[in-house]
Structure formats: structure tokens, C-alpha cells
Amino acid sequence: MVGLHIETNENSHFARGGHPESAGRLTPVKNWLREQSNSGKFLPIEINQFGLDPVNRVHSKRYVDQLNHACRNGAGHLDPDTYVSEQSFESAQRVVDSVLSAVDAAMTGELRSSFLLVRPPGHHAEHDRAMGFCLFNNVAVAAQHLIDRHKVSKVAIVDFDVHHGNGTQHIFYDRPDVYFISTHQYPFYPGTGSVHETGSGAGKGFNLNIPLAAGAGDLQLVAAFEQQILPALGRYQPEFILVSAGFDAHRLDPLGGLNVTGSGFKAVAELLTKVAAETANGRIVSILEGGYDPQGNLDSISNYLLGLDHT
Ligand code: OKP
Ligand code: ZN
């Protein structure tokens, strides 16, 4: 049984004149999920409100205020790629609330594995700035909440979006309590993500980048999980696994240049579920990041969800 929550903010976070990061990219997968509603495979997550405190643990007050004001002033851009509309701040807060609710449900044991079909995404957002379609760094807020509220001492974040999660890496770069592991196309946007970025100070050795060359597909992605990510997680023994689940490595994706298919994402979900059972008491929360082809997302996400539920 997998926890599921949909928070796609179609009427509250949008760009005028079109943008690849729009709610429309999720229409086919939402229709598929509606058809699955009597399957018994997915359970709704009860959502609680957490306020801004958890966000303020990761982002600077200056940035949170800037984002709030940009929205209050109406639509605009925070960087060339990143728009806000009037209700984007509340949208981003709803995403954080749903992610933290899933984390809490995993900690109580109610729902050990959940998937959050949410937007806006988060993994490019840094401590002090929005970037690459991302407002709040959802996965980072979740990791910090586990440490602050649940006294977890080791959290792993696995990020398989086609783009490197520079924001998440940046936020935890000098810390050993959050192990950031990323597969991504490289060289590619945003430019970071080389194998030489391994962490600094007390965080040295707790940042693992696995760059993939343009054109890589299921074989290379699954090999990265089997040969590098699972062994690394086995050594680290995280108490919780968070996943930045972006699906723009799919072969149909208009932004990415990789060739992953639904079966690759299903294998990834199965491997992550297995390692979560072995290390983290089965606790794993997957949060949507990118993925820009509607049919690609249907193939990717439906297969990923079936992989999460294979037990
Ligand atoms: C967000 B996520 C050059 C192109 C920038 C931005 C891509 C953001 C992806 N200015 N493209 O990781 O899917
Ligand atoms: Zn991406």
C-alpha cells in the first residue's frame, strides 16, 4: 500500500503564455490515477498544516520574504526560468504541508511509503534563492524536519531527476546527517554535479554525484543504482529515504537528453523500496520534481508507482 497525495496547483501556480512546468504535464497521469482509485493500491494522506517554521529552517528569511512579496505584487519572474503568480507562495506552502504530512505518516508507521504528485518542484532552490522552476526546496525541508522534529540522525536523499539537484546539494554540502545522492545528465543544466563534488568539512564523503552521458538509458540508470547507490546506502544505513523523483530522464522528455523508459523507473522504485526495507524500516517518501512530457510522465509515474508497491 502506497500513500498518495496530489497537489498540482493548476489554478494557483501558473505562467501566462505557457511554460514547460505547467499542471498540464500531469493530466494523463492524474486521469490514470483516477481510474486506479478503486484498486486498493493507493491510500490518501491526511494533510496537516505546518506554517512557515519548517521552511525557515532551510531558506533565509530574506528569500522567503522576497518570494512572498513577488507574489503579492502579482505575476513575475525570480530568475529567467522561474515564474510566480499571485498564489504561488500558498501553492509552495501547500506542497511543503503535504510532503511533511507524508513524512510524519511514515514515522508513525501508518504509511511507510508515499508518493507526492506535487508542483512547483524544489531541488534547484537554494538557501537564499529560487532557481530552475523551484520555489521552496521541498525535499530539503522534509530532511530538516526529520532531523528537527523526529530526531532522525541520518537521512538519505536520492535524486534521479535529469537535472542535478544543486539546491539540495548546496544546502547539505557540509553536513554528514544528510547524504545527497544524485544521478543526472552531465554536462547539463544547472552545471553542477561532477563526481568531484563530494561534500566539505564534516560533510566530506556525504555527497555522491553520478553523472550520466547524454543518451544513457535504463541500462545505465539501473546500473548506477545497483552498483553505486544501493551499496552507498547500505554503508550509510539511513533512517529515512527521501526521493527527488523527477521523470525528465524519460526518452520522450523535451528538456532532458536521456532515454529512460517506464521499465527503468519501475526498476528504480523496486530497488529503492528494497533498500528502504533493509535500512530505514521501509520509510521512503518520493516527491515529484521534473518531467515535462505528459505521456512520458504517464509511462514513468505509473510504472514508478507500481514499483513502489511491489511487495
Ligand atoms: C527543473 B527540474 C537554460 C535552460 C534552463 C531550466 C530547467 C529547470 C528544470 N536557461 N532550463 O529539474 O526539472
Ligand atoms: Zn529536471
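All ligand and atom numbering here is 1-based and tracks the order in the structure.
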* Measure the spacing between CD of Glu197 and OG1 of Thr192 and express it to the nearest 0.5 Å. =>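 It is 5.5 Å, given to the nearest 0.5 Å.
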
In this structure, NE2 of His250 is separated from CG of Leu298 (nearest 0.5 Å) by 9.0 Å

Angle subtended at the Zn ion (ligand 2) by Asp248 OD2 and Asp161 OD2, to the nearest 10 degrees, is 90°

Grouping ILVMFWY residues whenever side-chain heavy atoms fall under 4.5 Å, the cluster of Tyr292 otherwise contains Phe133, Leu255

Original post:
So, Tyr189 versus His124, ring centres under 6.0 angstrom or not?
Top reply: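 Ring centres of His124 and Tyr189 closer than 6.0 Å.
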
(Q) Please report whether the ring centroid of Phe206 lies less than 6.0 Å from that of Phe180. (A) no

(message) Whether the side chain of Tyr173 engages the backbone of Thr198 through a donor-acceptor N/O pair (distance < 3.5 Å, no angle test) should be reported.
(response) yes

Worksheet entry | Common cluster, Phe115/Leu26, ILVMFWY with side-chain heavy-atom separation under 4.5 Å |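 Linked within one cluster.
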
Check: Any idea which residues sit under 4.0 Å from ligand 1, heavy-atom distances?
Finding: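 Residues within 4.0 Å of ligand 1: Asp81, His123, His124, Gly132, Phe133, Asp161, His163, Tyr189, Asp248, Gly290, Tyr292.
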
Checking distances from the Zn ion (ligand 2), one finds that the N, O or S atom of His163 closest to it is ND1

